[in-house]
There are 2 protein chains.
Amino acid sequence: MEPINVFKALSNETRLNILKWLKEPENHFPKQGAHLPKEVSYKGGVCVGDIQEKANVSQSTVSSYLNLMQKAGLLESIRHGQWTYYRRNEDFIQQFAKYFKTEI
Amino acid sequence: MEPINVFKALSNETRLNILKWLKEPENHFPKQGAHLPKEVSYKGGVCVGDIQEKANVSQSTVSSYLNLMQKAGLLESIRHGQWTYYRRNEDFIQQFAKYFKTEI
DNA sequence: TTGACATATCGAGAAATCCAGATATACAAT
DNA sequence: ATTGTATATCTGGATTTCTCGATATGTCAA
């Protein structure tokens, strides 16, 4: 775990919002692309295009943001056909919260 | 509370170290300047010069780092004569840890 | 295999951050 | 008043981050 990279990932409004939105994907991504049955895609995460639309930044920006957050440990991704679904890495986030409480 | 500013403040190795050192000033600042009786200065924090020596960055850099961290809410300072003592704002840090656990 | 679409990567200019030295300010002691 | 010390602020060059458009890659459908 590289705390600095986690803090850097969270030092940007858009990225922080993405992480929060992904806490409740059903609420924040209602126009869920109909690529997959609801239960599958929500469990598996939200696809890049839907996140881009909500975040209102360019496709390349959102893609690299998601990659950055994944490298930091905050997100994980699953490819499903031509879509990549990103979701929170809850284990890691919880572990980091604990680190913050005890080490910081 | 501006979470983004807190994350930015913590996105730097030196600043993160300073925050950790200030958790146990007695351990990390043994050559405590003899400006004040020990109990006073430790309770009140550590002076800029001592932090600078430990952090091994320039005087101006450490001063602006401490100012940044204070603005973010992580530190508080007390002036005592010609010395400024910085210490952790434990209430804020604890509050932020809670925010992280519940909101992030 | 070609075309369409989703996502990733590349390249670059603008903006922000890093961090130092120089200078200013505040206070203490003489 | 003057000098010395601690800290803050200013200035600026180097580096990093931000964010885009363009292009590449991967996948599905026809």
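Below, each value reflects all heavy atoms present in this structure, side chains not excepted, and no hydrogens, waters or symmetry copies. Throughout, protein chains are lettered first and strands after them, A, B, ... in sequence-line order, and every chain is numbered starting at 1.
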Exercise for the section: Show the numbers, then the answer: is there a side chain to side chain contact (heavy atoms under 4.5 Å, CB included) between B/Thr61 and B/Thr14? Expected result: CA-CA 10 Å; B/Thr61 296; B/Thr14 302; over 6 Å; no

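Crowding of B/Lys101 atom NZ: a count of heavy atoms from other residues, nucleotides or ligands under 6.0 Å not exceeding 12. The 12-atom threshold is not exceeded at CD of B/Glu53, counting heavy atoms of other residues, nucleotides or ligands nearer than 6.0 Å.
Residue A/Lys71 contributes atom NZ, which lies 11 Å from atom C1' of C/dA8 at whole-angstrom precision. Protein atom CG of A/Asn67 is 14 Å distant from nucleotide atom P of D/dT17, rounded to whole Å. In this structure, B/Leu16 atom CG and C/dC18 atom P are separated by 13 Å, rounded to whole Å. What separates CD of B/Gln52 from P of C/dC19 is a distance of 14 Å, to the nearest Å. Following rounding to the nearest Å, B/Asn17 (CG) and C/dC18 (P) show an atom-to-atom distance of 14 Å. At whole-Å resolution of the value, OH in B/Tyr85 and P in D/dA8 are 12 Å apart. Following rounding to the nearest Å, A/Ile4 (CD1) and D/dT16 (P) show an atom-to-atom distance of 14 Å. Atoms NZ (B/Lys8) and P (D/dT16) sit 17 Å apart, rounded to a whole Å.
For C/dA8, one of the phosphate oxygens OP1 or OP2 lies less than 4.0 angstrom from a side-chain nitrogen or oxygen of A/Tyr86.
Proximity of a side-chain donor or acceptor of A/Arg88 to a complementary backbone N or O of A/Leu22 within less than 3.5 Å is not detected. With B/Thr102 contributing its side chain and B/Lys98 its backbone, the two residues share a donor-acceptor pair below 3.5 Å.
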Practice task
If a protein heavy atom is under 4.0 Å from the base, mark B; if only from the sugar-phosphate, S; if neither, -; do that for nucleotides 19-29 of chain D going 5' to 3'.
Solution key: BBBB---BBS-

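Taking the six-membered ring where tryptophan is involved, the planes of B/Phe96 and A/Phe100 are tilted, since the angle between them lies from 30° to 60°.
Within the nucleic acid shown, B/Ser63 comes within 4.0 Å of at least one base atom, counting heavy atoms only.
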